Chemist: 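One structure, pasted below without further comment.
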Amino acid sequence: MSMTPEKDFGTPAISATQMVNLEIDGFQVIAPAGTSVMRAASSIGIDIPKLCATDSIEPFGSCRLCVVEIKGGRGMPASCTTPIAEGMVVTTQNKKLADVRRGVMELYISDHPLDCLTCAANGDCELQDMAGAVGLREVRYNPAGENHLNSVKDESNPYFTFDPSKCIVCSRCVRACEETQGTFALTIDGRGFDSKVSPSQNQPFMDSECVSCGACVQACPTATLMEKSVIDHGTPEHAVVTTCAYCGVGCSFRAEMKGSQVIRMVPNKDGKANHGHSCVKGRFAFGYATHKDRITKPMIRKSIKDHWQEVTWEEAINYAASELKRIQEKHGKDSIGGITSSRCTNEETYLVQKLIRAGFGNNNVDTCARVCHSPTGYGLKQTFGESSGTQNFDSVMKADVIMVIGANPTDGHPVFGSQMKKRLRQGAKLIVVDPREIDLVRTPHVAANYHLKLRPSSNVALINAIAHVVVTESLVDEEFVKSRCDVESFNKWRNFIADKRHAPEATESITGVPAADIRAAAKLYASAKNGAIYYGLGVTEHSQGSTMVIGIANLAMATGNLGREGVGVNPLRGQNNVQGSCDMGSFPHEYPGYRHVSDKATRQLFEQNWGVSLQPEPGLRIPNMFDAASDGSFLGLYVEGEDIAQSDPDIQHVHHALRSMECVIVQDLFLNETAKFAHVFLPGSSFLEKNGTFTNAERRISPVRKVMPALASYEDWEITQMLSNAMGYPMNYNHPSEIMAEIARLTPSFSGVSYEKIDQLGSIQWPCTDDTPEGTPTMHEHEFMRDNGKGLFMLTEFVASQEKVTQKFPLILTTGRILSQYNVGAQTRRTENNAWHAEDLLEIHPHDAEDRGLKDQDWVGIKSRAGETVLRAKISERVQPGVVYTTFHFPESGANVITTDNSDWATNCPEYKVTAVQVSKVSHPSEWQQDYQAFSERQLELLAKE
Amino acid sequence: MSTTIFVPCDSAALALGAEKVAKAILAEAEKRKLDIQIIRNGSRGLFWLEPLVEIATDKGRIAYGPVQASDVTSLFDANFLAGGSHPLFLGLTEELSYLKNQQRLTFARVGITDPTSLDDYLAHDGYRGLKNALATTGVDIVKQVTDSGLRGRGGAAFPTGIKWNTVLNTPAEQKYILCNADEGDSGTYSDRMVMEDDPFVLIEGMTIAGIAVGATQGYIYLRCEYPHSHKALNKAITKAYEAGYLGGNILGSGKKFDLEVRLGAGAYICGEETSLMESLEGKRGLVRFKPPLPAICGLFGKPTVVNNVISLASVPIILDKGGEYYKNFGMGRSRGTLPIQLAGNLKQPGLIELAFGVTLRELLYDYGGGSASGRPIKAVQVGGPLGAYLPESQFDTQLDYEAFAAIWAVLGHGGIVAFDDTVDMAEMARYSMEFCKIESCGKCTPCRIGSTRGMEVIEDIMKGHDLNKNIPLLRDLCNTLLNGSLCALGGMTPYPVLSALNHFPADFGITNQADAA
């Protein structure tokens, strides 16, 4: 809890096996070869003064404070840039060194404002610390000398300021932008005394290429780059390590606090997913937690036409329970259900599914993973035997060829995107499979070797073509297949995929990708020492989403790219706890740990533990719930932390379903879109207000820790517990750790997990069992998780989507997200992140725009067979002709008014990525938008106190 | 029979009107219907005589100078084509004492040949070193260079053979030979003269270096202020390729060496070898820390020989005549010869190549002829803008790396700039700090801030402000620069500053010795 700063060893750790012995100030030190003298000294507690060195970036050797003397050597080398050597004898403190250090510090301070007491970094300033360390007592230089004290402060970024008058030109920010983030937005402009940090071409930060990841702010040793929140509130007094609630990277953060107020979120250097890096969302966009839109009192109403009434918790819970019971009595046990969310903790999700299975007495539970990664769960379970990615993030640092399919890591998973870019800058090769030119295709010092710019909906044809090349050009890793895979299934697959209908030349007309490029890319991947595949929703959100996941799994097995570091099949999960919510049994057909509800042994285990009898048949999936609601057979819904009325496809159908229900209970932070159709509103708690765990895309279970009291009095798991008790199914947990203990007791892959161990290790990658007590970074190392231990090949016939372009709908709309906004935007839209992205835009190729007489910023109508909406146009060559693209962060955009009810054959994951549309210039919002705006405004009026 | 006339094309001669002289001679010869041939040779390096026109005669080349276009008619009238008497007549060039007593090894051809004529180069012992190199092993080439005692002529005086040996013994798929031709020191021009007046010797030296260490690519990083060097080098490189002295199969040996000239963009700091590499890689010219040494991790992260022009241009004669031959020149640990460049307030400025061991006084008075102004020489700066100022009392110092180090001075690149007694040494010290300020890359703190503060402190001293505080402050600052700087720019700026202060305290307003502390 204390504010003890994290130890800075000055230079990065070296992982060499050879050890070197040396002597520093008379002490014997042993450190890996290649370690700097500075780090070696730091490792035994000798902190050599430093300013330009910090252990997150490579040494630079510019400040000259860290000079030392080495016996037998000449002059005073910088300890940060001098590697240790056997038998070296180092002196870090003597009069000569002290004179030089004081001389350097006197120079620094001769061009630095003397306003320490009123400076935002007072007490948290390395320059101040070093002035003390070297014993600077006076600055003798003429104060009238040339200086930078009147430099103008840049306050353009909403979250931090840049004050060049305080800059010591150590280049830590520039280097962090390059090495850590990989954006290269910063540089030093001018030289000598005129050297100054310059965003892009000497522009304000907001006009520059800066992505506001915060790496520069983190690296800055002074108040030059400073969080505005610290300027406003002062330095924090304690810190709590917790986990970010945005994307599936699951960055570890120190929530730095003043009492119960978060002053800043600082990426945790020890975080195994992020290693001290962050993005604009996790680092800065936490203000939503205390936004004025937060609802903090429970509310109920009879009808969605009624005003909301604030009631006590007891009243709200009792009302909700009585309504659910009333509906069940009248319409049967199966007439109600619930939806949990990938944004909730593992413990909350577990509890919701438990409430539904044990309390509601049915299996009508689903999660938003339904609409994102359910095909991953299915496809990887079938082929590898486990519904999860195979690696940890760090594995990418050993990949030689990286294939990114239908994912946009620099926007969607920015911290991992930066790590991937780092590896690419080290020389790994890159294949991008995406209809759109994502940033990764060409970004500073990174260029894709191949960008297979396929047509949306042709994924399976493409992966088959790649596999065809592997099989027909003798690129199969026969040894791996023979020893690790189900050979019979492989042989069947080999015959299937070798057929010339899968050849790149044959599928070129489907994919639109030149056959030669596919052949070359296939060879590149298959011949790599380590080939790794990363994919996202561009793979899953298709009518053949599961087929594509299987296709990827087949390809990785056939080329032997599994079971070690540097390889693997890596789904990049969209939300913070997609992996966890799936693990926790929130699908209607599975108990925690992906065990089917029809499996008798498992069911009995849960029946015994939960003390109820459980249904052996799977319950309703989300789209089935909507259909049943419209039919009048499904009338009560408990939704925790998800906004189905914005995020689900064919939104008019969803709205109709919601209107048809008798009791919709929404548990959320805000009156979200779904809540506008609700009868009971239970105010939830943000990730800052509760304890629990999130599981990221690499199966890493990380702690979520309460840093402030729940604004509405209860953590979400407590609310679920109250509802369960009111429903008549008793729950009596005192802390989420007890829920985790139950999960561990009932789920083999979690059997070794406990809060104590998470605290001790920082995080744990499941499976965590007696065999793997500290977790499993790499899956399937010796055998696959299937019953017979063998990887299964499955056939992946390409079937064209029903969603086809026609004369009426000649363009394909595909959707995605952007760095600064998150998902439905409920959180990020309530932060300053809107400064980067204030509305969703329709990206359209110049040719298609030209055909329609469209200019940049024109209002365009987008019409599909499902509906119509209006957005502003952004003319861009990132999209190919025939394809348009938008994001879905703003409810008024109605991106999901247009998306259709097509879905994955195996899992019903919606085909968000493929909608045939027509686009035309319009002058006013669509009819849906006008209606919805009126509805939405009315709902906000109903919220106002009578 | 046609008479051959030599009119230099070296930029020193051009700056003094050589082009007009050449045109006037042609025009006059045509007028008089005389059969002449003009060869544009390099400069002999006797700048006070430039443009120095030479006539080829049976007895040898006869010199006239300094010749202006307006002198041409009278020269013809005086029958200078036959060596006729004229006020500008200087006699046989080789007999001029300034030249006669020199020991021209590296500059053996300079001023004699047509710089970009490969035939001329070959006719004057060119490419004999390369042929020997091709006939032996890399190890042996490096040994000969090591044996010769050649030390880096760019200023740091690091033994060339040891540097080459490191590159030779560092395995890599690609290695580079990098010639530092960013000759930016004030008062120096020997690199320029080699490149303009005998470019093949540099090309040959680099080719030998490449063969020695296994580097197949060479770059000459040339300052953009040397357009004539640029042209001469490119022309010579083209000819060397055409004749098989460069390229994929050098003289049929199967050995490969490619060479390219790259231009700098005007930054002095890019003459520092690591910034030079950064610049060549397309980055800001920022100094890199060492280690790693460029010989192990240099250009594009590959083992790289980075040598000065003169170092590389001295290699062909070493390979031609053997390391031992070269080593027999010089004294102590300073072996071979040094092309010394006399400049500043001297009657006879110019290029003098001599074995190490000559004294400053001999150079200033026997060669330089004393000050141009006729006033006493008060100080000389040796080794460029980062070299120390030496007072008259040190003029008997021999040119030798160790002898100079012993008096806290440097030989550097061999440039000597003389000042008479009108110079204000405090102003010179101030200027040294200003030079550092202007040219600092800005990476390390001592140089980035210290140069500006140094200038300001000296300005305060010059105004007589608080000497008791400012003189110790200046000394402390110099200590910080000297010990704390990342490279020699900040690290050596104290040499001129402190030498000026120590030898000429009166110029800083210090009247009693106690104040100088």
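To find a chain, count down the sequence lines: A is the first, B the second, and so on, and within it residues start at 1. Being a predicted model, the structure only gives us computed values, none of them experimental.
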Chemist: In terms of heavy-atom proximity below 4.5 Å to chain A, should B:D476 be classed as side chain, backbone, both, or neither?
Modeler: side chain

Chemist: Validate the cation-pi geometry between B:R262 and B:Y221: distance from NZ or CZ to the six-membered ring centre under 6.0 Å, angle to the ring axis within 45°.
Modeler: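 No, B:R262 and B:Y221 do not form such a contact.
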
Chemist: So which of B:L473, B:L477, B:T480 has the biggest tally of heavy-atom pairs under 4.5 Å with chain A?
Modeler: B:L473

Chemist: Please state whether the side chain, the backbone, both or neither of B:C447 comes within less than 4.5 Å of a heavy atom of chain A.
Modeler: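 Neither part, no heavy atoms under 4.5 Å.
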
Chemist: Answer yes if the side chains of A:D111 and A:N147 hold a donor-acceptor pair under 3.5 Å, and no otherwise.
Modeler: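 No, because no side-chain N or O of A:D111 sits under 3.5 Å from a partner of the opposite role on A:N147.
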
Chemist: Crowded around A:E86 CD? As in, over 12 foreign heavy atoms under 6.0 Å?
Modeler: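 It does: A:E86 CD has more than 12 such atoms within range.
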
Chemist: Heavy-atom pairs under 4.5 Å with chain B: which of A:C52, A:S110, A:C63 has the most?
Modeler: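 The answer is A:S110.
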
Chemist: Report the option among B:E439, B:R453, B:E459, B:K469 that has the most heavy-atom pairs separated by less than 4.5 Å from atoms of chain A.
Modeler: B:R453

Chemist: Which answer fits B:K443, side chain, backbone, both or neither, if we ask what part of it has an atom under 4.5 Å from a heavy atom of chain A?
Modeler: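 Both the backbone and the side chain of B:K443 come within 4.5 Å of chain A.
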
Chemist: Does any heavy atom of chain B fall under 4.5 Å from the side chain of A:S171, the backbone, both, or neither of them?
Modeler: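 For A:S171, no heavy atom lies under 4.5 Å from chain B.
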
Chemist: Check the angle between the aromatic planes of B:F435 and B:Y268 and answer parallel, tilted or perpendicular using the 30° and 60° thresholds.
Modeler: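 Rings of B:F435 and B:Y268: perpendicular, as their planes differ by over 60°.
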
Chemist: A:S62 versus chain B, heavy atoms under 4.5 Å apart: side chain, backbone, both or neither?
Modeler: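 A:S62 touches chain B through backbone and side-chain heavy atoms alike.
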
Chemist: Evaluate the side-chain proximity of B:N483 to A:V67: yes if any heavy-atom separation is below 4.5 Å, no if none is.
Modeler: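 In short, these two side chains do not touch, never coming nearer than 4.5 Å.
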
Chemist: Checking heavy atoms, do the side chain of A:P77, its backbone, both or neither come under 4.5 Å from chain B?
Modeler: neither

Chemist: Of B:N307, B:T146, B:N169, which meets side chain to side chain donor-acceptor pair (under 3.5 Å) against B:W164?
Modeler: B:N307

Chemist: In terms of heavy-atom proximity below 4.5 Å to chain B, should A:L97 be classed as side chain, backbone, both, or neither?
Modeler: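 Answer is neither: A:L97 stays 4.5 Å or more from chain B.
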
Chemist: Roughly how far, to the nearest 0.5 Å, is CE of A:M105 from CZ of A:R137?
Modeler: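 Those atoms lie 11.5 Å apart.
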
Chemist: Has A:K96 got more than 12 heavy atoms of other residues, nucleotides or ligands less than 6.0 Å from its NZ?
Modeler: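 No, NZ of A:K96 has 12 or fewer neighbouring heavy atoms, counting only those of other groups under 6.0 Å.
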
Chemist: Which atoms of B:S451 come close to chain A, meaning under 4.5 Å heavy atom to heavy atom: side chain ones, backbone ones, both, or neither?
Modeler: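 Interface part for B:S451: neither.
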
Chemist: Could you tell me whether the side chain of A:E126 reaches within less than 4.5 Å of the side chain of A:T222, counting heavy atoms only?
Modeler: no

Chemist: What part of B:L286 gets closer than 4.5 Å to chain A, counting heavy atoms only: side chain, backbone, both or neither?
Modeler: side chain

Chemist: If you count heavy-atom pairs under 4.5 Å between each of A:R102, A:E106, A:E146 and chain B, which one has the most?
Modeler: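 Looking at each of A:R102, A:E106, A:E146 in turn, A:E146 comes out on top.
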
